[in-house]
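Small disclaimer: the values here were computed from a predicted structure and weren't measured.
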Amino acid sequence: MTELDLRLLQYFTVVARHGNVGRAAAELRVAQPSLSRQMQRLESQVGARLLDRSARGSALTTAGKVLLSHAEELLHAAERAVAEARATTEPDRLVVGHTGNLVITPVVRELRRRHPDADVRTVAVVEPVPDALLTGRVDAVIARLPLPDGPLCLDRLYDEPRALVVPVGSRLADQASVTLADFADEPLARYGDPAVDAWWRVDPRPDGSRAPDGPLADAFGSKFELVAAGEALLVLPQRPTSTGFRDDLVAVPVDDIPPTPVVLATRSGPPSPLVAEARALARELLVR
């Protein structure tokens, strides 16, 4: 049986993503010569050359592409196995995550009432939701779709309309609502994840045209700065009121694009009793 070091496999996926050992080493916080040696070790374990190395970077060989096509699935499976095994040893512990401004409090409060001896905690999730779940940092997360790919179980709770965030004084700021055609030529702030970016920028548009590219913002708050500075507009979930972001911004409802689903995400596979109860309570208390 071929033995694979999962740590080396994780390093390999980062090198493949960057196409450059130096940049991958910076992300992994390891020395570049050490990472190069680790890649050579992996090639020895696999029995094939995985990377074509040159002054321009490291390109995947045919064998490397085949390994990469399975590597992330293997890593997710290992993380899921560890998380599920850990959950069986901590049946009275549950960590519930929340993202953005979404509220999970009614579920947590009811779980604590029903199970006063259980350790039920909440945490803010800032990393990709699949990563938080598959590493076992959380057992359930309330989040908006779309989510990065991962082996998850999703309970759909409700839908949120979407709104266009514009600067005060914009030609659209005083509108009761807008349609996609009203801002078809306006650049929208971009997201790093392709699926998330496509959803929030409505790209491609229903007629097949592409959304104009706006600047990429590396943090949520920086997107508001881009809008306030007139560099881009922004599509977000509609808040209960049309304001409330900042005094210099207005959120205008968009009539003709689909709403955003809100879900409770958990790991796939048989849930622990507390996770199963959290899912049932979410469907009971949060579904609109």
Side-chain angles (χ1 to χ4, degrees), residues 1-88 95 97 99 125-141 143 145-154 190-199 216 218 263 265-271 275:
M1 178 184 294
T2 300
E3 294 185 3
L4 276 180
D5 185 327
L6 290 180
R7 181 174 60 90
L8 297 184
L9 205 58
Q10 173 65 32
Y11 285 0
F12 170 68
T13 63
V14 177
V15 172
R17 185 170 71 249
H18 285 286
N20 182 283
V21 174
R23 289 195 294 270
E27 177 180 329
L28 294 166
R29 298 184 180 180
V30 300
Q32 181 173 339
S34 175
L35 183 57
S36 295
R37 290 194 296 271
Q38 303 292 1
M39 291 301 93
Q40 291 169 0
R41 279 188 57 203
L42 180 61
E43 289 176 325
S44 177
Q45 290 181 5
V46 173
R49 186 165 52 85
L50 304 174
L51 299 166
D52 277 329
R53 300 162 177 86
S54 70
R56 292 179 295 177
S58 298
L60 292 175
T61 63
T62 300
K65 292 176 182 176
V66 171
L67 182 63
L68 182 63
S69 69
H70 298 285
E72 292 184 350
E73 180 182 347
L74 288 170
L75 291 167
H76 282 317
E79 290 171 345
R80 186 165 67 252
V82 171
E84 291 178 5
R86 185 184 296 127
T88 65
V95 181
T99 61
V125 173
V126 295
E127 67 267 45
V129 168
D131 292 353
L133 285 166
L134 296 175
T135 58
R137 192 170 90 83
V138 297
D139 302 297
V141 186
L145 296 184
L147 294 174
D149 289 339
L152 306 180
C153 178
L154 303 177
R190 292 185 292 121
Y191 292 78
D193 181 88
V196 173
D197 183 67
W199 173 257
L216 178 65
D218 56 7
V263 301
T266 55
R267 289 181 289 274
S268 62
V275 169

**Q** I'd like to check the side-chain hydrogen bond (donor to acceptor under 3.5 Å, both in side chains) partners of Arg37; sequence neighbours left out, ordered by chain and number.
**A** none

**Q** Less than 4.5 Å apart, any side-chain heavy atom of Tyr11 and any of Val21?
**A**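 With C-beta onward as the side chain, the pair stays apart.
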
**Q** Arg17: what forms a salt bridge (charged side-chain N to carboxylate O under 4.0 Å, His left out) with it, not counting sequence neighbours?
**A** Glu27

**Q** Can you see which heavy atom on Glu43 is nearest to which on Leu50, and at what distance?
**A** OE2-N, 2.8 Å

**Q** With sequence neighbours excluded, tell me which residues meet side-chain hydrogen bond (donor to acceptor under 3.5 Å, both in side chains) with Gln32.
**A**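 So Gln32 forms no side-chain hydrogen bond (donor to acceptor under 3.5 Å, both in side chains) with any residue.
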
**Q** Does any non-hydrogen side-chain atom of Leu67 lie less than 4.5 Å from one of Leu9?
**A**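 A side-chain contact under 4.5 Å exists here.
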
**Q** List the residues meeting salt bridge (charged side-chain N to carboxylate O under 4.0 Å, His left out) with Arg7, not counting sequence neighbours, and say none if there are none.
**A**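 Partners of Arg7 under the salt bridge (charged side-chain N to carboxylate O under 4.0 Å, His left out) test: none.
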
**Q** To the nearest 0.5 Å, tell me how far Leu134 CG sits from Ser268 OG.
**A** 7.5 Å

**Q** After noting the C-alpha distance and the side-chain angles of Asp5 and Phe12, does the key distance pass the side chain to side chain contact (heavy atoms under 4.5 Å, CB included) rule?
**A** CA-CA 11 Å; Asp5 185 327; Phe12 170 68; over 6 Å; no

**Q** Is a side-chain donor or acceptor of Ser58 paired with a backbone partner of Leu51 at a separation under 3.5 angstrom?
**A** no

**Q** Within this structure, what is the CG-CZ distance for the pair Asn20 and Arg53, rounded to the nearest 0.5 Å?
**A**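 Asn20 CG to Arg53 CZ: 12.0 Å, rounded to 0.5 Å.
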
**Q** Considering residues at least two apart in sequence or located in another chain, which fulfil the side-chain contact (heavy atoms from CB on, under 4.5 Å) criterion with Ala48?
**A**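 Ala48: side-chain contact (heavy atoms from CB on, under 4.5 Å) contacts with Val46, Ala63.
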
**Q** Measure the spacing between CZ of Arg190 and CG of Leu216 and express it to the nearest 0.5 Å.
**A**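 Here the interatomic distance stands at 5.0 Å.
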
**Q** Just so I know, are the side chains of Leu152 and Val263 near enough to count as touching, which here means a heavy-atom distance under 4.5 Å?
**A**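 Leu152 does not reach Val263 side chain to side chain.
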
**Q** With a 4.5 Å heavy-atom cut-off, do Arg267 and Asp139 have their side chains touching?
**A** yes

**Q** Could you measure the distance from the CG atom of Leu42 to the CE atom of Met39? Nearest 0.5 Å is fine.
**A**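 Nearest 0.5 Å value for the CG-CE distance: 5.5 Å.
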
**Q** Show the nearest heavy-atom pair for residues Ala25 and Ala31, with the distance to one decimal.
**A** CB-C, 4.3 Å

**Q** Among all residues two or more places apart in sequence or in another chain, which pass the side-chain contact (heavy atoms from CB on, under 4.5 Å) test with Ala140?
**A** Leu264, Thr266

**Q** Enter the distance from Arg29:CZ to Leu35:CG here, rounded to the nearest 0.5 Å.
**A**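 With rounding to 0.5 Å, CZ (Arg29) is 15.0 Å from CG (Leu35).
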
**Q** Apply side-chain contact (heavy atoms from CB on, under 4.5 Å) to Ala132 and list each qualifying residue two or more places apart in sequence or on a separate chain.
**A** Val125, Glu127, Val138

**Q** Please list, chain by chain and in numerical order, all residues satisfying side-chain contact (heavy atoms from CB on, under 4.5 Å) with Pro194, sequence neighbours excluded.
**A** none

**Q** Looking at Leu8, is its backbone amide N or carbonyl O close enough to the side chain of Gln38 to form a donor-acceptor pair, meaning the two atoms are under 3.5 Å apart?
**A** no

**Q** Nearest 0.5 Å, what's the CG-OG1 distance between Leu147 and Thr99?
**A**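 Between atom CG of Leu147 and atom OG1 of Thr99 there are 8.0 Å.
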
